Amino acid sequence: MKLLPLILPPLFLVTSSMAIAGELAFERTEQTISAKSDEETVSFAFPFKNTSDAPVKLESIKANCECTEAGFAGNKKVLAPGESCVVSATMKIGMFSGSDAKKLTVIADGKTYDLTLRVRVPEIVHLSTRQLNWPQGSPAAPQTITVTVDPASGVKLTEFSLAGKDFKYEPVTVRKGEVYKIIITPLQTATPLCNTFWVLTDSKIPRYSRYVGMLTITPPSRDK
């Protein structure tokens with residue numbers, strides 16, 4: 001009996017010659033860091049591994065904020081099968097205190113991987129609001145800003161000041177060294193305006209030394 005040569009269907013030949021898409025597996029996709037009160041930056045690390053049987057091209061990392069810089073450890077460009085690497089990121093804290101989150105998008109072989117960076121900065125001084133608003137033409141009623149200070153910090157309030165003379169204010173001590181109220185009243189609400197206020201402390205750390213807010217009288221919105 002004559003044996004016929006084996007002929008594979010074209011579809012099988014095409015499929016078998018295709019490279020297996022690369023895959024990255026991250027140990028974690030979210031990380032939270034508690035910063036010290038005097039730190040200006042915090043650093044994050046996201047280890048990952050190529051779990052596929054094909055090399056993976058590491059293309060780019062995009063951050064959703066200019067305050068965050070990130071890169072692949074060792075300036076890695078291609079990750080071999082089974083090889084590991086780390087996404088390293090640095091976030092500038094600046095004058096911020098409290099909790100905040102930023103995002104990174106890792107692009108590799110056309111696929112995207114989302115990472116979340118969270119930071120907690122001690123909130124030694126807390127303002128209940130940084131903006132008070134009165135609608136134009138409304139009663140010139142007083143509004144209050146509550147300032148709370150962590151007594152363990154040793155920080156003391158030294159001054160409250162306003163830009164201009166369109167508002168009057170009255171500081172009230174609720175609990176010395178801990179809680180204060182600042183009662184602010186506009187002299188008029190007939191004319192729109194915008195003023196700045198400052199809460200100053202004796203802290204040597206810049207982010208806790210000055211807090212800035214706005215006082216506004218706004219005209220009614222107009223439908224377009």
Side-chain angles (χ1 to χ4, degrees), residues 30-44 63-70 89-104 116-136 138-189 191-218:
E30 297 185 8
Q31 187 177 6
T32 300
I33 292 181
S34 295
K36 297 179 181 178
S37 59
D38 59 348
E39 283 187 312
E40 297 183 358
T41 63
V42 289
S43 297
F44 299 80
N64 71 340
C65 177
E66 293 182 355
C67 65
T68 304
E69 296 182 355
T90 301
M91 182 193 301
K92 295 179 182 178
I93 302 175
M95 298 294 286
F96 169 80
S97 63
S99 298
D100 196 14
K102 303 300 179 186
K103 298 286 186 180
L104 294 178
T116 301
L117 294 65
R118 291 191 174 90
V119 62
R120 295 175 182 150
V121 183
E123 199 168 16
I124 292 175
V125 179
H126 175 75
L127 274 63
S128 60
T129 182
R130 294 203 187 190
Q131 181 170 2
L132 294 179
N133 178 66
W134 290 259
Q136 183 180 2
S138 66
Q143 296 190 44
T144 301
I145 299 172
T146 301
V147 182
T148 306
V149 182
D150 179 3
S153 68
V155 171
K156 297 178 181 178
L157 265 61
T158 58
E159 183 182 348
F160 179 85
S161 60
L162 297 176
K165 299 180 179 180
D166 299 298
F167 296 84
K168 61 181 180 179
Y169 68 93
E170 177 189 0
V172 177
T173 300
V174 178
R175 192 160 57 250
K176 189 175 181 180
E178 295 186 44
V179 183
Y180 302 85
K181 290 185 181 294
I182 302 166
I183 303 170
I184 302 175
T185 307
L187 300 183
Q188 58 83 30
T189 63
T191 305
L193 58 85
C194 181
N195 276 11
T196 304
F197 72 80
W198 293 270
V199 176
L200 307 180
T201 79
D202 64 354
S203 175
K204 303 301 182 183
I205 301 173
R207 73 168 56 92
Y208 305 120
S209 64
R210 185 178 72 162
Y211 297 80
V212 182
M214 304 298 297
L215 305 174
T216 57
I217 296 174
T218 56

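Quick caveat: nothing in here was measured; it's all calculated off a predicted structure.
Here the straight-line distance linking atom OH of Y208 with atom CG of D150 works out to 9.5 Å at 0.5 Å rounding. Distance check: R118 CZ to S99 OG gives 9.5 Å after rounding to the nearest 0.5 Å. From S97, atom OG reaches atom CD1 of I205 across 11.0 Å, with rounding to the nearest 0.5 Å. With rounding to the nearest 0.5 angstrom, the CG atom of D166 is 12.0 Å from the OG1 atom of T189. Distance check: L215 CG to I184 CD1 gives 5.0 Å after rounding to the nearest 0.5 Å. For the atom pair T196 OG1 and R130 CZ, the distance stands at 12.5 Å (nearest 0.5 Å).
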Output, in order, the C-alpha distance, side-chain angles, deciding distance and verdict of side chain to side chain contact (heavy atoms under 4.5 Å, CB included) for F197 and I145.
-> CA-CA 11 Å; F197 72 80; I145 299 172; 3.5 Å; yes

For T129 and Q143, run side chain to side chain contact (heavy atoms under 4.5 Å, CB included): C-alpha distance rounded to whole Å, both residues' side-chain angles, the deciding distance at 0.1 Å, then the answer.
-> CA-CA 11 Å; T129 182; Q143 296 190 44; over 6 Å; no

Criterion side chain to side chain contact (heavy atoms under 4.5 Å, CB included) on I217 and T191, from CA distance to verdict | CA-CA 7 Å; I217 296 174; T191 305; over 6 Å; no

Test side chain to side chain contact (heavy atoms under 4.5 Å, CB included) on K168 and L187 and set out the steps.
-> CA-CA 7 Å; K168 61 181 180 179; L187 300 183; 4.3 Å; yes

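For the pair R207 and V121, the minimum side-chain heavy-atom distance is below 4.5 Å. You'll find the side chain of E40 stays beyond 4.5 Å of the side chain of I93, heavy atoms only. When side chains are defined from C-beta on, Q31 does not count as touching L117, because their heavy atoms never get closer than 4.5 Å. Inter-residue side-chain proximity for N195 and L162 is flagged as unmet; no heavy-atom pair is nearer than 4.5 Å. At a threshold of 4.5 Å between non-hydrogen side-chain atoms, the residues F167 and L193 count as touching.
Counted by atom type alone, K103 and T116 present one or more donor-acceptor pairs between their side chains at under 3.5 Å. Checked by atom type, the side-chain pair D202/T158 shows no donor-acceptor distance below 3.5 Å. In summary, the side chains of T41 and K92 do not present any donor paired with an acceptor at a separation below 3.5 Å, with no hydrogens or angles considered.
Between P186 and A140, the shortest heavy-atom contact is O-CB, 3.6 Å. Smallest separation of non-hydrogen atoms from A70 and A89: CB-CB, 3.9 Å. Among all heavy-atom pairs drawn from S209 and P206, the shortest one is OG-O, 2.8 Å. Across all non-hydrogen atoms, the minimal contact from P142 to I183 is CB-CG2, 3.7 Å. Counting all heavy atoms, side chain and backbone alike, S43 lies closest to I33 at O-CD1, 2.8 Å. Across H126 and E123, no two heavy atoms sit closer than the pair ND1-OE2, 3.0 Å.
In the displayed structure, E178 atom CD is contacted under 6.0 Å by more than 12 heavy atoms of other residues, nucleotides or ligands. Counted within 6.0 Å of CD on Q188, heavy atoms from surrounding residues, nucleotides or ligands total more than 12; the atom is thus considered enclosed.
Proximity of a side-chain donor or acceptor of W134 to a complementary backbone N or O of A141 within less than 3.5 Å is detected. Distance alone, capped at 3.5 Å, places no donor-acceptor pair between the R210 side chain and the L200 backbone. At distances below 3.5 Å, not a single donor-acceptor pair connects side-chain atoms of R175 with backbone N or O atoms of T148. The closest donor-acceptor contact from the side chain of Y169 to the backbone of F160 lies under 3.5 Å. Side chain of T216 to main chain of T218: no donor-acceptor pair is present (N/O by atom type, distance under 3.5 Å, no hydrogens or angles).
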